[in-house]
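Notes follow the structure.
Atom set for the values below is all heavy atoms of this structure, side chains included, hydrogens, waters and symmetry mates excluded. We're numbering straight along the sequence, starting at 1.
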Amino acid sequence: MTTTAIAPPYVAYSSCTEALVPHGEWQLVYASLQSLKAHVQEYPGCQGFDVFVRAEPDGMLLHCYTTWDTIEQLEVFLERGYTLGRMLDDVADLEPEETILMEKVF
């Protein structure tokens with residue numbers, strides 16, 4: 001999964017996870033997201049943990065971004081860390097739609 005930076009050295013490595021949380025699960029997931037953010041930001045190399053939401057008829061659409069110093073740190077987080085997908089499974093028996101890897105250039 002290792003990639004080469006497109007614009008080194010001005011690049012960071014990010015994941016974007018998308019999930020739809022039913023309205024009935026939103027309060028629990030929202031509270032858990034606050035704890036997850038605090039937890040993940042303590043991981044070595046984590047530059048940020050950002051969540052964007054949009055209300056949809058079926059629930060709240062989440063886009064969760066994590067940004068890391070190196071691709072290796074991102075890969076370790078996705079492999080062994082407490083990701084949004086793992087948290088959603090634990091608290092609401094939900095799975096994310098997808099997780100994609102990106103390079104942050106600005």
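- For Phe49, there are no ring-ring contact (aromatic ring centres under 6.0 Å, His included) partners two or more places apart in sequence or in a different chain.
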Compile the donor-acceptor pairs under 3.5 Å between side chains in residues 27-36 and protein atoms, sequence neighbours left out, one pair per line.
unit_1: Tyr30; atom_1: OH; unit_2: Gln34; atom_2: NE2; d: 3.2
unit_1: Ser32; atom_1: OG; unit_2: Leu28; atom_2: O; d: 3.0

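- Listed by chain and number, the residues in a side chain to side chain donor-acceptor pair (under 3.5 Å) with Asp89 amount to none (sequence neighbours excluded).
- Of all non-hydrogen atoms in Phe77 and Tyr82, the two that sit nearest each other are CE1-O, 3.7 Å.
- Taking hydrophobic clusters as Ile, Leu, Val, Met, Phe, Trp and Tyr residues chained together by side-chain heavy-atom distances below 4.5 Å, Trp68 shares a cluster with Val11.
- Qualifying side chain to side chain donor-acceptor pair (under 3.5 Å) partners for His63, counting only residues two or more places apart in sequence or in other chains: Glu18.
- In the hydrophobic clustering, where aliphatic and aromatic side chains (Ile, Leu, Val, Met, Phe, Trp, Tyr) are joined below 4.5 Å either directly or transitively, Val76 stands alone.
- By the side-chain contact (heavy atoms from CB on, under 4.5 Å) test, Ser15 pairs with Thr66, Leu74, Leu78, Thr99, Leu101, sequence neighbours left out.
- Using a 4.5 Å cut-off between side-chain heavy atoms of Ile, Leu, Val, Met, Phe, Trp and Tyr, Met102 falls into a hydrophobic cluster with Phe52, Tyr65, Ile100.
- If you take NE2 on His39 and CE on Met87, they are separated by 11.5 Å, rounding to the nearest 0.5 Å.
- The two residues Arg86 and Glu79 come nearest to each other via the heavy atoms NH2-O, 3.0 Å.
- For Thr70, the side-chain contact (heavy atoms from CB on, under 4.5 Å) test picks out Glu72, Gln73, with sequence neighbours left out.
- For Thr67, the side-chain contact (heavy atoms from CB on, under 4.5 Å) partners are Ala12, Ser14, Gln47, Lys104, not counting sequence neighbours.
- A heavy-atom distance below 4.5 Å is found between the side chains of Val21 and Leu88.
- Within the structure, the salt bridge (Lys or Arg N to Asp or Glu O under 4.0 Å) test picks out no pair touching residues 33-50 (sequence neighbours left out).
- Considering all non-hydrogen atoms of both residues, Pro96 and Ala19 come closest at CA-CB, 3.9 Å.
- In the hydrophobic cluster analysis, where Ile, Leu, Val, Met, Phe, Trp and Tyr join through side-chain heavy atoms closer than 4.5 angstrom, Val91 is grouped together with Leu62.
- Every residue two or more places apart in sequence or in another chain that forms a salt bridge (Lys or Arg N to Asp or Glu O under 4.0 Å) with Arg54 is listed here: Glu56.
- Applying the side-chain contact (heavy atoms from CB on, under 4.5 Å) rule to Glu95 yields no partners; only residues at least two apart in sequence or on another chain are considered.
- Shown here for Ala92 and Glu25, the closest heavy-atom pair between the two residues is CB-OE1, 3.6 Å.
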